[in-house]
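Every number for a ligand or one of its atoms is a count from 1 in the order of the listing. Scope of the values below: all heavy atoms of this structure, side chains included, with no hydrogens, waters or symmetry mates.
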Amino acid sequence: MSNSAQPPQAEDFYKTDLEGRFFPSWTEVSKVGEVTLGEGQQARGVSAQGETCEPKTDIVFLKVHKSASSTVMNILFRFGEMHNLTFAFPMGGGNQLFYPHHFLAKFVQGFSPKSPRQFNILCHHMRFLRPEVQKVVSSSAVYFSILRNPVQLMESSFMYYKGTSAFSHVHSLEEFLSQPYHYYNATKSDSHYARNLMTFDFGFNPNGEVSAKRVQLMLKAIEVSFDLLLISEYFDESMVLLKEMLCWDLDSVVSFPLNIRDSSTKSPLSATMVEKIKDWNRLDWEIYTHFNRTFWERIDRDIGRERMHREVKALRQRQAELARTCLQGAGSVSPKDIKDSSLRPLQHGNAKILGYNLKQGLDKETEHVCRRLVTPELQYSSTLQPPQQPKKQTSNI
Ligand SMILES: Nc1ncnc2c1ncn2[C@@H]1O[C@H](COP(=O)(O)OS(=O)(=O)O)[C@@H](OP(=O)(O)O)[C@H]1O
């Protein structure tokens, strides 16, 4: 990651640890050897401070595109399945809540204004609209989302949404950035994939003017609605914050990265391109830099960096242990090498999305746990979804 792509606050936290490690985190940690159960193994129902707390089961997760949100969703699917929680599935059997429309309660399977219903977990892709969301969850629900550096987000989005109107006529992201208004038409229904995608997913206008006042209003509105904003560049730290907020144990937030791209479909970004992407996505940049700062302030306030370091270490050790138990080889594999077709993730645009092979000969219970960890979003969602009307939406974009 280019330094100039990174806002100030996030860089200095055990830098060397993070620089060498992005994917797959367990390959490095697995060298550590023995797995010890540290503070991270807090029993469910007991907070890190030793006070009792009730695990939270009413949850709204705004699944922001291209921000590691499928990995978070897998965590929610596993927790919900294990604890028999209800999910707000999209009506008609689709995978998205009629995105890119603003969310409406009636998009949820089983909800109708005449017989309103509340669900435990709302986590499928949607464009956020708080008053409508509030109709389908408890008033005590916890709201959270995840953000990603808009520079890397756009590079990912360009490859994944290569077929959309703004990107389909250019050969490279560089070409698009050389004259974006030539290719970008804000009135097209898929233009949001090309500019301020986070701003759009939070429900705001991605083409709005960037005045200080407007930015402040947007940040305030997000702050009022969301209890926690995770940062995908600091995924493990995010999981520690999440488990603390939800009063869950460490095992509940362990994951393998999902929906990850093969490096052959990633493009290097020059310093000039980084600056252009920041300018082009100015609203996203404002959101990201603000909540990246408050993320670290929250860690300092609630956990402290030393304890965070220990918790992250425990989490990575647990992931390494699970990887050794569950996976063939060192980690993710190319889609053509995934032996079990039910574990093959959706391939989209120009992105090559990696997956996993499970070890052979696992006992039934272990196989179940391992399979769930690596089941791609669409397959997992279908498994959990009760039988319903013929499908209306099918794609993952
Ligand atoms: N654990 C973890 N930490 C950091 N980053 C992660 C993690 N898991 C997934 N990813 C990266 O997230 C990108 C996919 O995001 P989404 O799952 O939100 O995409 S989607 O909108 O649902 O298609 C995708 O980014 P790109 O590889 O750059 O495309 C993934 O690599």
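Looking only at atom types and distance, the side chain of K339 has a donor-acceptor partner in the side chain of Q328 under 3.5 Å away.
Not a single heavy atom of E155 sits less than 4.0 Å from an atom of ligand 1. Assignment of V64 to the shell around ligand 1 is supported, since a heavy atom sits closer than 4.0 Å. Residue contacts with ligand 1: H348 is excluded, as none of its non-hydrogen atoms falls under 4.0 Å.
At a 3.5 angstrom cut-off on N or O pairs, H65 does not count as close to ligand 1. Remark: ligand 1 and Q152 share no N or O pair separated by less than 3.5 Å (distance only, no angle test). Considering backbone and side-chain atoms together, P257 places no N or O closer than 3.5 Å to any N or O of ligand 1.
Contacts with ligand 1 closer than 4.0 Å are made by side-chain heavy atoms of T71 only, the backbone lying farther away. When non-hydrogen atoms are compared, ligand 1 lies under 4.0 Å from neither the backbone nor the side chain of M159. When non-hydrogen atoms are compared, ligand 1 lies under 4.0 Å from the backbone of A68 as well as from its side chain.
Residues satisfying the salt bridge (charged side-chain N to carboxylate O under 4.0 Å, His left out) test with R127, not counting sequence neighbours, are none. Not a single salt bridge (charged side-chain N to carboxylate O under 4.0 Å, His left out) links E175 to another residue, sequence neighbours left out.
Here the two rings, on F202 and F204, have centers that are 6.0 Å apart or farther.
For ligand 1, the atoms lying closer than 4.0 Å to a non-hydrogen atom of S232 are 3 (N), 4 (C). Ligand-side atoms of ligand 1 in range of I260: 9 (C), 30 (C), 31 (O), range being under 4.0 angstrom from any heavy atom. Set against the non-hydrogen atoms of S70, the atoms of ligand 1 under 4.0 Å away are 16 (P), 17 (O), 18 (O), 22 (O). Shown in contact with R148 at under 4.0 Å from a heavy atom are these atoms of ligand 1, numbered in order with element: 13 (C), 25 (O), 26 (P), 28 (O).
Between the R78 side chain and the V254 main chain, a donor and an acceptor come within less than 3.5 Å of each other.
In this comparison of M73, Q319, K63, the heavy atom closest to atom 22 (O) of ligand 1 sits on K63. Counting heavy atoms only, L258 comes closest to atom 9 (C) of ligand 1 of the residues T265, L258, N259.
Between K359 and E367 no salt bridge is recorded (no basic side-chain N to carboxylate O distance below 4.0 Å).
By the 6.0 Å and 45° rule, R195 does not stack over the aromatic ring of F200.
One finds the CZ atom of F103 at 9.5 Å from the CZ atom of F128 (value rounded to the nearest 0.5 Å).
Residues Y143 and Q134 are in side-chain contact: their nearest non-hydrogen atoms beyond the backbone lie under 4.5 Å apart.
Ring planes of H125 and H65: parallel class, angle under 30° (limits at 30 and 60°).
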